Amino acid sequence: MLEKNDLRKHLEELERVRGELILAKYHYEEAVDEFDNLFGKGSADRAIHVLRSRALLKKLVLTHDALDSVTEELYDILVEEEEKERRLA
C-alpha cells in the first residue's frame, strides 16, 4: 500500500541526490576547463580517457599508486604531443 509519508521521504532523498548531481556536474565542468587551461585544450579528455582505460572507474577512490601510474602515463602523452606540435611548427 502506498504511504504518503514514504513517498515524501523518498522524494526528498531523490531531490537531495539530484541537487548533488547538478553540483557535481558543475564542478566537473570547472575542473575540465581548468585542466585544459593548464595543460592545453583537450588534455582533460585525454586524462579522462587514461583513467577509463585503466578500468579505474570501478573504484570510487584512486589509490596513490594508481594515481601515480596514471600521472606518469598522462605526462608522457602530453609531452609527446607537445614535442610533435613543436616539430610541426
Side-chain angles (χ1 to χ4, degrees):
M1 174 175 250
L2 183 63
E3 293 289 332
K4 195 181 240 183
N5 288 336
D6 284 344
L7 178 61
R8 170 67 183 215
K9 182 177 82 173
H10 289 291
L11 279 173
E12 286 175 352
E13 177 64 10
L14 187 60
E15 177 57 17
R16 183 190 67 76
V17 172
R18 190 185 71 82
E20 288 178 6
L21 181 59
I22 290 168
L23 191 56
K25 284 181 180 180
Y26 174 77
H27 288 302
Y28 176 81
E29 289 171 5
E30 279 188 332
V32 166
D33 288 344
E34 183 176 346
F35 202 94
D36 279 351
N37 287 337
L38 289 171
F39 303 108
K41 186 169 176 65
S43 60
D45 287 337
R46 288 187 292 280
I48 292 164
H49 177 75
V50 170
L51 290 169
R52 287 182 177 152
S53 69
R54 293 295 192 103
L56 295 173
L57 288 180
K58 294 178 183 176
K59 298 179 181 180
L60 293 178
V61 178
L62 294 178
T63 64
H64 289 288
D65 290 341
L67 190 55
D68 287 344
S69 175
V70 168
T71 301
E72 289 295 323
E73 183 175 342
L74 184 59
Y75 179 80
D76 292 343
I77 290 169
L78 293 175
V79 167
E80 184 178 310
E81 287 182 4
E82 192 175 80
E83 288 173 359
K84 283 181 186 176
E85 288 176 10
R86 244 186 273 145
R87 281 182 266 162
L88 293 174

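None of these values were measured; they are calculated from a predicted model.
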Colleague: Under the side chain to side chain contact (heavy atoms under 4.5 Å, CB included) test against Glu13, which residue among His10, Arg16, Lys9 passes?
Modeller: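 Considering His10, Arg16, Lys9, a side chain to side chain contact (heavy atoms under 4.5 Å, CB included) with Glu13 is found only for Arg16.
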Colleague: Give me the atom names and distance for the closest heavy-atom approach of Asp36 to Gly42.
Modeller: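 Minimum heavy-atom contact is OD1-N, 3.3 Å.
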Colleague: If the condition is side chain to side chain donor-acceptor pair (under 3.5 Å), which residues does Glu34 pass it with, not counting sequence neighbours?
Modeller: none
Colleague: Supply the atom-to-atom distance Asp33 CG to Lys41 NZ, rounded to the nearest 0.5 angstrom.
Modeller: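 Result: 9.0 Å between the selected atoms.
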Colleague: Using atom types as modelled and distance alone, determine if a side-chain donor or acceptor of Thr71 lies under 3.5 Å from a backbone N or O of Leu67.
Modeller: yes
Colleague: Please round to the nearest 0.5 Å and tell me the distance separating atom CG of Leu88 and atom CD of Glu85.
Modeller: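 The CG atom of Leu88 sits 8.0 Å away from the CD atom of Glu85.
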Colleague: Arg46 and Leu74: which non-hydrogen atoms are nearest, and at how many Å?
Modeller: C-CD1, 4.1 Å
Colleague: If Ile, Leu, Val, Met, Phe, Trp and Tyr residues are connected whenever their side-chain heavy atoms lie under 4.5 Å apart, and connections chain through other members, are Ile77 and Ile48 in the same group?
Modeller: no
Colleague: I'd like to know if Lys25 pairs up with Glu29 as an ion pair, taking the criterion as any Lys NZ or Arg NE/NH1/NH2 lying under 4.0 Å from an Asp or Glu carboxylate oxygen.
Modeller: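 The answer is no: the pair does not qualify as a salt bridge.
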Colleague: Going only through I, L, V, M, F, W and Y residues with side-chain contacts under 4.5 Å, is there a path from Phe35 to Leu38?
Modeller: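 Linked, Phe35 and Leu38 end up in one cluster.
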Colleague: Mind checking what makes side chain to side chain donor-acceptor pair (under 3.5 Å) contact with Glu3, not counting sequence neighbours?
Modeller: none
Colleague: To the nearest 0.5 angstrom, please state how far the CZ atom of Phe39 sits from the CD atom of Glu82.
Modeller: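 That separation rounds to 11.0 Å.
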Colleague: Using 0.5 Å steps for rounding, measure from the CG atom of Leu7 to the CD atom of Glu12.
Modeller: 10.0 Å
